[in-house]
Novice: 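Here's a structure for you.
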Amino acid sequence: MNKNHIPKEFYSFETDAPFERCIECEKYLLDNETEYIIEKAVKNYEGYSAKDVVFDYAICMDCADVMRKEISKESWQSMMNYFQENMDVMTRLEMQERSPEENLRSCMIKKTGIDDCREYQIYAHCKGAKLNLENPPYMISGEVMEELLPLLSNKTIDDMNGFMNKHFTPDPSLMEPTPPRLILL
């Protein structure tokens, strides 16, 4: 199989097909020149082979850059420091030699196997219908996410929550009590 194909792990949970549109601006992603990021969060159930996709989306680089600029300088610097202090440079180099599927088997920071994580997130940098292997796909365990969260400013957390609420909150009508129905016998 072609090393730069987009693995099924990065397909949309909703459609079981490659993402076609940016979640933010609806830009078509599968032409040869469009760069974008795919992010997927998954929850494992201990003792079971069952998994749930918590969320997944693709976002074009233009929209991702706008979002990055909304992250406070302090939060961005704290995250970069975390990765510099906790990520082995050799691991990152080795990731470029391994298949995308191999890179998703364990956390690039903690080395925890994917099946041993309660939660994890996977990321891919794509260009059109292919992976951009200059920045190979990777997995981060829930443990890493928990360590990153306290490094973020309240504003950054609010901005991230705003993005999540905008795109992943159920229709408000689903949260309202349903009116009683009249049944005629």
Side-chain angles (χ1 to χ4, degrees), residues 1-46 48-71 79 95-96 98-109 112-146 148-149 157 159-175:
M1 190 171 275
N2 190 341
K3 190 175 177 182
N4 69 345
H5 77 284
I6 297 176
K8 284 191 71 76
E9 290 89 347
F10 289 107
Y11 284 15
S12 166
F13 176 73
E14 189 177 312
T15 65
D16 198 30
F19 284 94
E20 292 184 2
R21 302 261 170 212
C22 173
I23 191 169
E24 195 69 7
C25 72
E26 291 290 319
K27 180 178 186 176
Y28 184 69
L29 301 173
L30 297 177
D31 69 47
N32 290 334
E33 297 306 312
T34 303
E35 289 192 55
Y36 58 100
I37 301 291
I38 298 171
E39 179 177 0
K40 184 178 283 198
V42 178
K43 178 178 177 135
N44 281 331
Y45 292 95
E46 195 172 337
Y48 299 94
S49 61
K51 298 177 185 221
D52 272 333
V53 173
V54 178
F55 65 83
D56 65 349
Y57 67 91
I59 188 167
C60 72
M61 283 305 198
D62 291 338
C63 290
D65 288 341
V66 168
M67 286 182 59
R68 274 191 208 106
K69 289 176 182 155
E70 292 175 0
I71 296 173
M79 287 190 298
M95 288 175 72
Q96 294 191 324
R98 294 191 304 239
S99 73
E101 292 82 2
E102 287 176 284
N103 287 335
L104 299 178
R105 289 187 192 143
S106 62
C107 175
M108 76 174 194
I109 302 290
T112 309
I114 198 166
D115 293 329
D116 296 323
C117 296
R118 277 194 330 268
E119 294 182 15
Y120 62 89
Q121 290 182 216
I122 58 173
Y123 302 84
H125 180 179
C126 302
K127 187 172 182 180
K130 299 184 182 306
L131 290 172
N132 180 343
L133 294 176
E134 292 172 17
N135 187 15
Y138 60 94
M139 185 270 274
I140 292 181
S141 66
E143 183 182 358
V144 170
M145 301 308 284
E146 289 171 13
L148 284 169
L149 198 55
I157 291 171
D159 289 342
M160 289 179 174
N161 286 339
F163 174 82
M164 295 302 287
N165 290 339
K166 176 181 177 183
H167 295 291
F168 299 107
T169 301
D171 182 330
S173 67
L174 295 175
M175 307 307 273

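In this text the structure is predicted, and so the values were computed from the model without any measurement.
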Novice: Would you say that N103 contacts M108 through its side chain, given a criterion of any heavy-atom pair below 4.5 Å between the two side chains?
Specialist: no
Novice: As an exercise, state the distance from NZ of K127 to CG of D31, rounded to the nearest 0.5 Å.
Specialist: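 It comes to 10.0 Å.
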Novice: Minimum heavy-atom separation for C60 and C25, please, with both atom names.
Specialist: SG-SG, 3.8 Å
Novice: Taking the side chain as everything from C-beta on, heavy atoms only, tell me whether S12 gets closer than 4.5 Å to I38.
Specialist: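 Side chain of S12 against side chain of I38, heavy atoms only: no contact under 4.5 Å found.
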Novice: Is F13 atom CZ crowded by more than 12 heavy atoms from other residues, nucleotides or ligands, each under 6.0 Å away?
Specialist: no
Novice: State, yes or no, whether a side-chain contact exists between M145 and Q121 at a heavy-atom distance under 4.5 Å.
Specialist: yes
Novice: CG of N32: more than 12 outside heavy atoms within 6.0 angstrom?
Specialist: no
Novice: In the structure I gave you, are the side-chain heavy atoms of P137 and L131 within less than 4.5 Å of one another anywhere?
Specialist: yes
Novice: Could you walk me through whether F10 and L104 satisfy the side chain to side chain contact (heavy atoms under 4.5 Å, CB included) test, starting with their C-alpha distance in whole Å, then the side-chain angles of each, then the deciding distance to 0.1 Å, before giving a yes or no?
Specialist: CA-CA 11 Å; F10 289 107; L104 299 178; 3.6 Å; yes
Novice: Salt bridge between E146 and R118, side-chain N to carboxylate O under 4.0 Å?
Specialist: yes
Novice: Between Y28 and E20, does any side-chain donor sit less than 3.5 Å from a side-chain acceptor?
Specialist: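 The criterion, which ignores hydrogens and geometry beyond distance, is not satisfied for E20 and Y28.
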Novice: Are D16 and K8 within salt-bridge range, i.e. N to O under 4.0 Å?
Specialist: yes
Novice: Got a sec: does the NZ of K51 have more than 12 other heavy atoms crowding it under 6.0 Å?
Specialist: yes
Novice: Would you say that K130 contacts H5 through its side chain, given a criterion of any heavy-atom pair below 4.5 Å between the two side chains?
Specialist: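 K130 does not reach H5 side chain to side chain.
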Novice: Answer whether the closest heavy-atom distance between the side chains of V144 and Y120 falls below 4.5 Å.
Specialist: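 A side-chain contact under 4.5 Å is absent here.
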Novice: Under a 4.5 Å cut-off applied to non-hydrogen side-chain atoms, are M61 and H125 in contact?
Specialist: yes
Novice: If you take all heavy atoms of V53 and K40, which pair is closest and at what distance?
Specialist: CG1-CG, 4.0 Å
Novice: When you measure from the side chain of Y138 to the backbone N and O of S106, does any donor-acceptor pair fall under 3.5 Å?
Specialist: no
Novice: Are side-chain heavy atoms of C126 and L29 found at a separation under 4.5 Å?
Specialist: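 Counting from C-beta outward, C126 and L29 never come under 4.5 Å.
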Novice: Do D56 and Y11 get their side chains close enough for a donor-acceptor pair, meaning under 3.5 Å?
Specialist: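 There is no such pair (donor and acceptor under 3.5 Å, judged by atom type) between the side chains of D56 and Y11.
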